[in-house]
Amino acid sequence: MKIFIDSADILEIKQAYEWGVADGVTTNPSLIKMAVEKRVGAGEKISISSYLKEILKVASGTPVSIEVTEKTGEGMVEEGKKLFKMFNSVAENVNIKIPVNPALEDADSTHFDGIKAVKELSNSDIPVNCTLVFTPEQALLAAKAGAAFVSPFAGRIDDYIRKQNNIEFGKSDYFPQDGFEKDGLLLEDNGIVSGIDLVAQCVEILENYDLEAEVIAASLRNTRQVREAALVGAHIATIPFTVIADMLKHYKTFEGMKAFIADIVPDYANLE
Ligand code: G3P
């Protein structure tokens, strides 16, 4: 499984690349806001355009997602082309993030412009990461429309299932892959019992039909979810830096390290 870093924080991105574990970067407007506010808060003057260029250079040779801000089909296509033109020349690694259904009025409204933009940009040889995917059907349509990547949001489906059922939770709490029972009932959202179940169904459907899009397991909140994403065959997991760091930790590693250090005899430490 490839690992993307889900961050717009240049220091985090650099660190993940220095460790040799990052195969790409995903950003979104919220991540860019957070990263830029952090730099501005530290007294820096910053232009988002030069900041994005810095990210693209660090990630050179691997894909970086940049999301559109427009909501109409025409607007998203125009902006997607503009972003690609502005930024792809930096390191030839840009893909454009398009929401699968950018409806803002109400959740039930159907906004076909997302899927149209996926098709039009993909047809213009601009790789698209189709984002905010919450059903395998959305993933199937995005893949058929030509998206290079589809991004099911695992953690947010877990949040949604818990909220709908009045279950309190913390953002990084583990949610079982096989679902959560309450009062003897398995909780679900239209047949999806967990975020990882959503990822697994997206992968299975795309692979059933040899569709080229790669599934990016997104909105991952803890290390166990990353493991499960890998076990269900996600092609890519995009992971926040803190979770990548957590993947390196275990109490027994720490304890074992202390014991080994205590046992180093002088001769061994000073081999000649
Ligand atoms: O890649 C999508 C991701 O940034 C959303 O994560 O934790 O805000 O649901 P989260």
Side-chain angles (χ1 to χ4, degrees), residues 1-2 4 6 8 23-32 62-84 87-88 93-104 107 109-157 160 189-190 192 195-196 198-220 229 232-239:
M1 181 175 73
K2 282 178 264 184
F4 287 5
D6 195 26
D23 305 300
V25 180
T26 50
T27 69
N28 62 38
S30 312
L31 292 171
I32 288 179
T62 64
V64 177
S65 298
I66 302 177
E67 188 155 343
V68 293
T69 57
E70 293 288 333
K71 276 88 58 189
T72 65
E74 226 173 87
M76 285 188 290
V77 169
E78 201 177 307
E79 188 188 2
K81 286 183 177 169
K82 180 179 150 195
L83 290 173
F84 194 74
F87 293 111
N88 197 49
N93 56 351
V94 170
N95 61 76
I96 301 296
K97 243 183 176 182
I98 300 286
V100 67
N101 182 351
L104 284 175
S109 59
T110 305
H111 196 320
F112 300 118
D113 285 7
I115 203 75
K116 283 192 212 160
V118 171
K119 182 191 159 217
E120 207 166 321
L121 290 171
S122 305
N123 280 356
S124 314
D125 289 330
I126 295 179
V128 171
N129 175 357
C130 187
T131 190
L132 286 171
V133 165
F134 288 94
T135 69
E137 303 83 85
Q138 288 177 326
L140 174 62
L141 294 183
K144 286 188 72 77
F149 306 103
V150 296
S151 293
F153 275 35
R156 290 196 194 180
I157 268 288
Y160 185 61
D189 176 51
N190 190 24
I192 301 295
I196 293 297
L198 169 65
V199 171
Q201 292 194 32
C202 292
V203 169
E204 190 175 342
I205 290 175
L206 266 47
E207 287 186 349
N208 276 348
Y209 300 101
D210 292 328
L211 289 162
E212 274 175 23
E214 291 186 283
V215 172
I216 304 182
S219 178
L220 298 176
V232 301
H235 307 109
I236 300 157
T238 190
I239 315 176

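We count residues from 1, following the sequence as given. What you see below is based on every heavy atom in this structure, not just the backbone, and it leaves out hydrogens, waters and symmetry mates.
- Residues satisfying the side-chain contact (heavy atoms from CB on, under 4.5 Å) criterion with Glu137, sequence neighbours excluded, are Thr135, Asn190.
- The shortest non-hydrogen separation linking Asn28 to Lys97 is CB-NZ, 4.0 Å.
- Thr69 meets the side chain to side chain donor-acceptor pair (under 3.5 Å) test with Glu79; sequence neighbours excluded.
- By the side-chain contact (heavy atoms from CB on, under 4.5 Å) test, Ala143 pairs with Leu206, Leu211, Ala213, sequence neighbours left out.
- Thr131 meets the side chain to side chain donor-acceptor pair (under 3.5 Å) test with no other residue; sequence neighbours excluded.
- Checking each of Leu141, Ile216, Val100 against Cys130 for a side-chain contact (heavy atoms from CB on, under 4.5 Å) leaves exactly one that passes, namely Val100.
- The side-chain hydrogen bond (donor to acceptor under 3.5 Å, both in side chains) analysis of residues 138-149, with sequence neighbours excluded, yields no pairs.
- Among residue pairs with one or both ends in residues 113-122, those qualifying as salt bridge (charged side-chain N to carboxylate O under 4.0 Å, His left out) are Asp113-Lys116; sequence neighbours excluded.
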### Task
Go through the steps for Val77 and Leu121 under the test side-chain contact (heavy atoms from CB on, under 4.5 Å), then give the verdict.
CA-CA 6 Å; Val77 169; Leu121 290 171; 4.3 Å; yes

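- Listed by chain and number, the residues in a salt bridge (Lys or Arg N to Asp or Glu O under 4.0 Å) with Lys71 amount to none (sequence neighbours excluded).
- Shown here are the side chain to side chain donor-acceptor pair (under 3.5 Å) partners of Thr62, two or more places apart in sequence or in another chain: Tyr17.
- A side-chain donor-acceptor contact under 3.5 Å links Ser219 to the backbone of Gly155.
- Note: Ile66 CD1 to Asn93 CG = 8.0 Å, rounded to the nearest 0.5 Å.
- Pro63 and Asn95 make their closest contact through CB-ND2, 3.5 Å (heavy atoms, listed as atom of the first residue, atom of the second, distance).
- Under the 4.5 Å side-chain criterion, counting only non-hydrogen atoms from C-beta, Leu132 is not in contact with Asn101.
- Contacts of Glu214 classified as salt bridge (Lys or Arg N to Asp or Glu O under 4.0 Å), with partners at least two apart in sequence or in another chain: Lys2.
- Between Ile126 and Gly80, the shortest heavy-atom distance links the atoms CD1-O, 4.5 Å.
- Across every non-hydrogen atom of Val199 and Ala154, the tightest pair is CG2-CB, 4.2 Å.
- In this structure, Ile236 and Asp23 have side chains that are not in contact, with every pair of non-hydrogen atoms separated by 4.5 Å or more.
- Closest approach of Ser65 to Thr27, counting heavy atoms only: O-OG1, 2.6 Å.
- Smallest separation of non-hydrogen atoms from Pro99 and Glu67: CG-OE2, 4.4 Å.
- Here Glu207 pairs with Val203, His235 under the side-chain contact (heavy atoms from CB on, under 4.5 Å) rule; sequence neighbours left out.
- Of the inter-residue distances, the one linking Tyr160 atom OH with Ile192 atom CD1 reads 12.5 Å to the nearest 0.5 angstrom.
- Residues that satisfy the side-chain contact (heavy atoms from CB on, under 4.5 Å) test with Asn88, not counting sequence neighbours, are Phe84, Glu92, Val94.
- Every residue meeting the ring-ring contact (aromatic ring centres under 6.0 Å, His included) condition with Phe153, not counting sequence neighbours, appears here in chain and number order: Phe134.
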### Query
Do Phe4 and Ile239 pass the side-chain contact (heavy atoms from CB on, under 4.5 Å) test, and can you show the C-alpha distance, the side-chain angles, and the key distance before you say yes or no?
CA-CA 6 Å; Phe4 287 5; Ile239 315 176; over 6 Å; no

